[in-house]
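This report concerns only the one structure given below.
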Amino acid sequence: AQSVTQPDIHITVSEGASLELRCNYSYGATPYLFWYVQSPGQGLQLLLKYFSGDTLVQGIKGFEAEFKRSQSSFNLRKPSVHWSDAAEYFCAVGNYNQGGKLIFGQGTELSVKP
Amino acid sequence: GAGVSQSPSNKVTEKGKDVELRCDPISGHTALYWYRQSLGQGLEFLIYFQGNSAPDKSGLPSDRFSAERTGGSVSTLTIQRTQQEDSAVYLCASRYFETQYFGPGTRLLVL
């Protein structure tokens, strides 16, 4: 069965420090992979996506993610975190052979220390 | 441009009552999805509409849940005889090519 695992429920980083949020997936083929961010009381905003091609993808707000097939991972990174990045981050996999419904990880809550 | 909109933003109801949640997708997006976000279960797929095809209802948790999409645009998710475990945020998304765009959600509280 397809699944997505985000091992870290909560991460705290200092403002200006680098960030890496982990995501591992289980899927039979090359999946469509997404990172979304959710601020309190808000919906999900797309940060970036990977479908094929270059395994390092750039997103909005200075985020990037790298697809590593051998590790079944799609980790999200940012070189310097800003206080406004505090939010919950969701990794998701989409299967367009099954209508494209997304399977989400449990989310990682990011706190930023001043 | 206009994104996905959902109404109401918040809904408080009593156990046993029926509720209707509305989703207005982005114009021109032919695929529409409903998800539920709850503390215990995370983000779960509920139902999917694509054009005139029969909807994929495989994620609906019980027969108290139903949804329709009229004219290929607006969708309504109906929960009959609400239970306390239905309390959650209900998110709607519409899709353009492979990317889903989410609305702000409806926060449902069943007392």
Side-chain angles (χ1 to χ4, degrees), chain A residues 1-10 23-25 27 29-53 57-60 63 65 67 74 87-109, chain B residues 2-10 21 23-26 29-60 67 69 88-109:
Chain A
Q2 298 150 30
S3 65
V4 178
T5 302
Q6 293 180 245
D8 304 306
I9 296 173
H10 188 210
C23 173
N24 292 96
Y25 66 89
Y27 189 75
T30 300
Y32 294 159
L33 292 159
F34 305 84
W35 275 99
Y36 286 88
V37 60
Q38 186 178 38
S39 297
Q42 304 296 312
L44 298 170
Q45 181 183 22
L46 179 70
L47 283 176
L48 47 76
K49 58 193 176 187
Y50 172 79
F51 299 150
S52 64
V57 293
Q58 303 296 321
I60 63 170
F63 285 92
F67 170 63
F74 188 57
E88 190 151 21
Y89 292 79
F90 292 93
C91 181
V93 60
N95 178 350
Y96 291 93
N97 293 326
Q98 295 183 9
K101 56 191 172 187
L102 295 176
I103 298 168
F104 287 89
Q106 288 297 101
T108 298
E109 184 179 355
Chain B
V4 177
S5 61
Q6 293 185 245
S7 60
S9 53
N10 291 281
L21 312 180
C23 172
D24 283 89
I26 295 171
H29 289 195
T30 58
L32 185 149
Y33 302 78
W34 284 96
Y35 295 87
R36 178 169 70 174
Q37 185 175 24
S38 58
L39 281 176
Q41 302 298 322
L43 274 155
E44 308 171 276
F45 164 78
L46 295 177
I47 188 168
Y48 155 62
F49 296 90
Q50 171 67 63
N52 296 320
S53 302
D56 176 353
K57 305 179 183 180
S58 61
L60 295 178
R69 189 177 186 193
V89 177
Y90 290 83
L91 293 165
C92 174
S94 64
R95 176 163 63 89
Y96 181 72
F97 286 94
E98 298 88 356
T99 301
Q100 294 183 32
Y101 298 88
F102 284 81
T106 294
R107 186 174 300 273
L108 175 66
L109 178 61

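Just so we're on the same page: letters track the sequence lines, and every chain starts at 1.
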Query raised in the report: Looking at side-chain heavy atoms only, is the closest gap between Y33(B) and L102(A) below 4.5 Å?
Result: no
Report task. Determine the minimum heavy-atom distance between F34(A) and E98(B), stating which atoms define it. Result -> CZ-O, 3.2 Å
Report task. Would you mind checking which part of Q38(A) comes under 4.5 Å of any heavy atom in chain B, side chain (CB onward), backbone (N, CA, C, O), both or neither? Result -> side chain
Query raised in the report: For K49(A), is it the side chain, the backbone, both or neither that has a heavy atom under 4.5 Å from a heavy atom of chain B?
Result: side chain
Requested in this report: Answer yes or no: are there more than 12 heavy-atom neighbours, outside I60(A) itself, under 6.0 Å from its atom CD1?
Outcome: yes
Report task. Pick one of side chain, backbone, both or neither for L44(A), based on which atoms fall under 4.5 Å of a heavy atom in chain B. Result -> both
Query raised in the report: To the nearest 0.5 Å, what is the distance between NZ (K101(A)) and CG (L46(B))?
Result: 11.0 Å
Query raised in the report: Under a 4.5 Å heavy-atom cut-off, does chain A meet the side chain of S58(B), its backbone, both or neither?
Result: side chain
Query raised in the report: Nearest 0.5 Å, what's the CZ-CD1 distance between F45(B) and I103(A)?
Result: 10.0 Å
Query raised in the report: Does any heavy atom of chain A fall under 4.5 Å from the side chain of Q37(B), the backbone, both, or neither of them?
Result: side chain
Query raised in the report: Looking at Y36(A) and Q100(B), what are the two nearest heavy atoms and their distance?
Result: OH-O, 2.7 Å
Query raised in the report: Under a 4.5 Å heavy-atom cut-off, does chain B meet the side chain of Q106(A), its backbone, both or neither?
Result: side chain
Query raised in the report: Checking L43(B) against chain A: side chain, backbone, both or neither under 4.5 Å from a heavy atom?
Result: both
